[in-house]
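Shown next, in structure tokens, is the structure this report addresses.
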Protein chains: 2
Amino acid sequence: MTDPTQVPLARLMAMGLRSLVDALHERLERRGLEVKPVYAFVLLASRERPLTVNDVAELLGFTKQAASKLAEVMEREDYLLRRPHPQDARAKLLHLAPRGQRALRAAEDIYVELEAEWAEVIGKRRLEALRSDLNAVLRATHGGNLPPIRPTW
Amino acid sequence: MTDPTQVPLARLMAMGLRSLVDALHERLERRGLEVKPVYAFVLLASRERPLTVNDVAELLGFTKQAASKLAEVMEREDYLLRRPHPQDARAKLLHLAPRGQRALRAAEDIYVELEAEWAEVIGKRRLEALRSDLNAVLRATHGGNLPPIRPTW
DNA sequence: GAATATGGTCAACTAGATTGACCAATAGCC
DNA sequence: GGCTATTGGTCAATCTAGTTGACCATATTC
């Protein structure tokens, strides 16, 4: 059975998140990039294609108003560029601006570093297992989708 | 090498956390316990011995003022009981009040359920691996200790 | 026993979210 | 076609969970 005095699973997740986010942003800052944690999630999710404001709201798990504000700030700070959606005149696509591109590449670099450091402790195989297991569990418990990022606190 | 288009590790952690916290609190609420996520972490950490206000601050990763406020609210809502520390007249020990005891037991029950559900997807062995791998990585990257719980956002 | 550090609280403030009202454009439907 | 409902986005006001800063009482150090 599960030992009830173990560290709770949610706490492990929380600490893992905290640890990764802190390390990422420490190293981003050393490269002169002072982005807030939430920026990095948005940039990383914009790799394949530009997101809409609503995509951001869903991704992060907050209201579209809050997502709209965030997009505005990130545009003002030159991470994003709001441009009209070619197919839908209501929507806007959040393209990566030059600084956003740079921050994204830096974040990707740093993730490679961080994952290497994790692999040094538990090994490459176990790290990949961790990744794929989490993916599997999350999709299984959320009808094939991924849940929002922001923790309910 | 690491596929750069994969879901970022921090995002997996964030979603895992979110998923567990949401599920826990949904089920706590169904049992008539309307606690905030942060309460559960404090209660679970109080299992072995009562914490001080400063312990709570360290555990969660915020200021002692904020921890003090939290303790006050949790006392007012009958989850905790602030009592003088027998060895140190400055400090207070946060004992579990009756409702806190109940909430703690409920949370433990629900964690058993949730972990069983995760195990259904990835298996018991992999779940234990996940737990021990996270533990190992966190301790290794934090000088043997565990980092705070609250994500920097 | 003086100086410093630690545990805790009070008060004022702030950042980052929320709710609610609203407009413009699209989609569904008869 | 044209009416209605839905969707994408923003503005404004508000709320809340945290912060910073000042402070007191007790412990610790030398």
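It should be emphasised that the depicted structure is a prediction, and the values quoted were computed from it without experimental measurement.
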Those residues of residues 142-153 of chain B lying under 4.0 Å from DNA chain C by at least one heavy atom
B:Trp153

Please determine whether salt bridge (Lys or Arg N to Asp or Glu O under 4.0 Å) holds for the pair B:Arg31 and B:Glu113, giving the CA-CA distance in whole Å, both sets of side-chain angles, and the decisive distance to 0.1 Å.
CA-CA 14 Å; B:Arg31 302 190 186 198; B:Glu113 284 177 30; 3.6 Å; yes

A:Glu117 and A:Arg27: CA distance, side-chain angles, deciding distance, salt bridge (Lys or Arg N to Asp or Glu O under 4.0 Å) verdict:
CA-CA 14 Å; A:Glu117 290 165 21; A:Arg27 298 177 195 198; 2.9 Å; yes

Between C:dG8 (C1') and B:Glu75 (CD): distance, integer Å
13 Å

Would A:Trp118 and B:Asp133 count as a side-chain contact (heavy atoms from CB on, under 4.5 Å) if you check the C-alpha gap in whole Å, the side-chain angles of each, and the deciding distance to 0.1 Å?
CA-CA 9 Å; A:Trp118 281 40; B:Asp133 287 350; over 6 Å; no

Mind calculating the distance between CD (A:Gln87) and P (C:dT26) to the nearest angstrom?
11 Å

In whole Å, what is the span from the CD atom of A:Glu77 to the C1' atom of C:dA15?
13 Å

N/O donor-acceptor pair under 3.5 Å between A:His142 side chain and A:Gly144 backbone:
no

What is the distance from CG of B:Leu60 to C1' of D:dA17, rounded to the nearest Å?
13 Å

Under 3.5 Å, N/O pairs linking protein and nucleotides 9-12 of chain D:
residue, atom, partner, partner atom, Å
D:dG9, OP1, A:Lys92, N, 2.8
D:dG9, OP1, A:Lys92, O, 3.2
D:dG9, OP2, A:Val53, N, 3.3
D:dG9, OP2, A:Asn54, N, 2.8
D:dG9, OP2, A:Asn54, ND2, 3.2
D:dG9, N7, A:Lys64, NZ, 2.6
D:dG9, O6, A:Lys64, NZ, 2.7
D:dT10, OP1, A:Arg82, NH1, 2.9
D:dT10, OP1, A:Lys92, NZ, 2.7
D:dT10, OP2, A:Ser68, OG, 2.5
D:dT10, O5', A:Ser68, OG, 3.4

Could you tell me whether the side chains of A:Asn135 and A:Ser132 share a donor-acceptor contact shorter than 3.5 Å?
no

Separation of atom CG in B:Leu59 from atom C1' in D:dG18, rounded to whole Å:
16 Å

How many whole angstroms separate atom CZ of B:Phe62 from atom P of C:dG8?
14 Å

Where do B:Glu72 and B:Arg76 land on the salt bridge (Lys or Arg N to Asp or Glu O under 4.0 Å) test, with the steps shown first?
CA-CA 6 Å; B:Glu72 191 199 319; B:Arg76 190 163 53 238; 3.1 Å; yes

Given A:Arg131 and A:Glu115, is the salt bridge (Lys or Arg N to Asp or Glu O under 4.0 Å) satisfied, shown in steps?
CA-CA 11 Å; A:Arg131 180 194 291 287; A:Glu115 296 192 9; 2.7 Å; yes

Interatomic distance, A:Tyr39 OH vs C:dA15 P [rounded to whole Å]
13 Å

Here the distance between atom C1' of D:dT19 and atom CG of B:Leu70, to the nearest Å, is 15 Å

Using the side-chain contact (heavy atoms from CB on, under 4.5 Å) rule, take A:Leu80 and A:Leu43 through it: C-alpha gap first, then chi angles, then the decisive distance, then the call.
CA-CA 9 Å; A:Leu80 294 179; A:Leu43 295 174; 4.2 Å; yes

